[in-house]
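Take a look at the structure set out below.
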Amino acid sequence: MLKQHLQFKLSQKLSPQQIQLMKLIQLPTQAFEQKLKQELEENPALESGKEETDALDDIYDDTYDDSGDNESIDTEEINIDDYLSDDEIPDYRTQANNYSADDDDKRVPYAAGTSFNQYLINQLNTAYLDDQEWAIAEFLVGSVDESGYIRRPLADIMDDLAFTQNIYVEEEKIEEVLKIVQDLDPPGVAARSLDECLIIQLKRKEQKPSVELAINILEKSFDHFTKKHYTKLIQKHHISEEQLKEAILEIEKLNPKPGGSYSGNTRMIEHIVPDFSIKIVDGELELTLNGRNAPELHVSKDYSNMLEGYKNAKEKSKSQKDTVMFIKQKLDAAKWFIDAIKQRQQTLFITMSTIMEYQKEYFMTGDERKLRPMILKDIADKIDMDVSTVSRVANSKYVDTPYGTKLIKDFFSESMKNEQGEDVSTKEIKKILETVIRDEEKKKPLTDARLAKILKERGYPIARRTVAKYREQLGIPVARLRKEI
């Protein structure tokens, strides 16, 4: 019993190689490419490009032949963990026929330029400020968050100026400088609230009746506006429904997050690189894996020459042995990593291929209502892999389809029974819900109870609370906030 228990316990422990493979599977194409770049920089035994390796294989085999009179190296002393760590894993080229041509897409784009805060500071250079005002303005700019707002009370900023900058001023002075900062671009920056942000933008527009009314509504009736109490707004401001509609249209044109519109923001712009591509060729689905997963790498010629020098040397010094042991570590790790990359590519391809076949009707039509209910276990069982492996592929990978680039995990959804007892995808129900809300009469938007009734009439018996949950997941507000005039 004790022996069985120990064997079971050992079987549950992942080896460093298995852990590293799981990490590799999880990496999307762009991150995988960066990992390869890192290894090229850190591992001197690796070089990029094509090179014949047959001679190297002969040298490797002869050098480490432990038979006959050849002096062997005791590889038992080599700690495999030392060169299978994240910092010591070389990557080699692998061959497969399921790569797409990406010759024109080798560069990974990143956001460039100055930070948002620096962009604001640069604009301050044109303002007429004395030393104290400049210090206050600079501090205020430093308090602007990535959305373009100053979220902290001026009283707190006043205290911080005193303690950290040795500047003692009243709130009124800070407010005066804040108005200068709020004149910077983009319009609405450095506002302390949404209504102030919108009002700042409106005041910089051409002043016409609809803009003036919009400012008046935001200044005096912001709560009624956010809750869409249109009747109260009409009564309070003594205006017609048409005038209100024009004012609301002016507000809808504004940017509630002025900081987010700045392309040189401190956040990195995310550029999605599809890991797979699905095309319809002659009426059949064709899947390819992004070719950037197969870089061309080889062992440095200098390293192969060192091995050959050791092989031909009549007397082998200790330093030569140490050098060859180091090279052997790199080569052993590389041989393992070749298999790991192959396994990664096979895992990615077979997983996506199975998903594609499972959702064939959707990929052929692009109709989300055709998405079948599918959970991770459905795919894991088909390819005889662990659910966690499928999850690693689905959660971080994108596929380019004829209908746009999609996150693979979005193809997974739970199921429910329709009135005929058939399994239907919750995605299908959400799509119908979205369509019903899109086509509703905007003056009288549908309540969740009414939506539940409509879905039931269409064969989907869903409770009102479930409709509310799906609506929230779709990012659709309640009926009252969808109301238009």
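Listed by chain and number, the residues in a salt bridge (charged side-chain N to carboxylate O under 4.0 Å, His left out) with Lys232 amount to none (sequence neighbours excluded). Looking at residues two or more places apart in sequence or on another chain, you find a side-chain contact (heavy atoms from CB on, under 4.5 Å) between Met158 and Glu171, Ile174. Phe363 is linked by a ring pair (Phe, Tyr, Trp, His ring centres under 6.0 Å) to Phe411, counting only residues two or more places apart in sequence or in another chain. Arg464 is linked by a side chain to side chain donor-acceptor pair (under 3.5 Å) to nothing, counting only residues two or more places apart in sequence or in another chain. Take Ser210 and apply the side chain to side chain donor-acceptor pair (under 3.5 Å) test, not counting sequence neighbours, and it matches Glu250. Remark: Asp367 pairs with Arg369 by the salt bridge (charged side-chain N to carboxylate O under 4.0 Å, His left out) rule, at least two apart or across chains.
Residues Lys179 and Asp183 are not in side-chain contact: their nearest non-hydrogen atoms beyond the backbone lie 4.5 Å or more apart. At least one side-chain heavy atom of Lys205 sits less than 4.5 Å from a side-chain heavy atom of Leu254. At least one side-chain heavy atom of Glu441 sits less than 4.5 Å from a side-chain heavy atom of Lys443.
Under the 3.5 Å distance criterion, with hydrogens and angles disregarded, no donor-acceptor pair is assigned to the side chains of Glu212 and Asn216.
Each salt bridge (Lys or Arg N to Asp or Glu O under 4.0 Å) pair with one or both residues in residues 465-474, not counting sequence neighbours, appears once here: Asp448-Arg471. Residue pairs that meet the ring pair (Phe, Tyr, Trp, His ring centres under 6.0 Å) test with at least one member in residues 190-228, sequence neighbours left out, are His224-His229. Legend: salt bridge (Lys or Arg N to Asp or Glu O under 4.0 Å) pairs involving residues 123-145, not counting sequence neighbours, sorted by first then second residue: Glu133-Lys173, Asp145-Arg151. Counting only residues at least two apart or on different chains, the salt bridge (Lys or Arg N to Asp or Glu O under 4.0 Å) pairs with a member in residues 189-200 are Glu175-Arg192, Arg192-Glu196. Sorted by first and then second residue, the salt bridge (Lys or Arg N to Asp or Glu O under 4.0 Å) pairs with a member in residues 213-227 read Lys203-Glu219, Asp223-Lys227; sequence neighbours excluded.
Of the possible polar contacts, none joining the Gln182 side chain to the Val189 backbone as a donor-acceptor pair under 3.5 Å is found. Without hydrogens or angle criteria, Gln26 side chain to Ser396 main chain gives no donor-acceptor distance under 3.5 Å.
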With a 3.5 Å cut-off and sequence neighbours excluded, list the donor-acceptor pairs that the side chains of residues 431-438 form with protein atoms.
| from | atom 1 | to | atom 2 | distance (Å) |
| --- | --- | --- | --- | --- |
| Thr435 | OG1 | Lys431 | O | 2.9 |

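Stacking of Arg344 on the aromatic ring of Phe32 is recorded, both the 6.0 Å distance cut-off and the 45° axial limit being met.
Here Leu161 contributes atom CG and Leu140 contributes atom CG; the two are 7.0 Å apart, rounded to the nearest 0.5 Å. Atom CD1 of Ile121 and atom CD of Gln123 lie 10.0 Å apart (nearest 0.5 Å).
Lys377 has a carboxylate O that lies under 4.0 Å from a charged side-chain N of Asp381, or vice versa, which qualifies the two as a salt bridge. Looking at Asp400 and Lys279, no side-chain N of the basic residue comes within less than 4.0 Å of a carboxylate O on the acidic one, giving no salt bridge.
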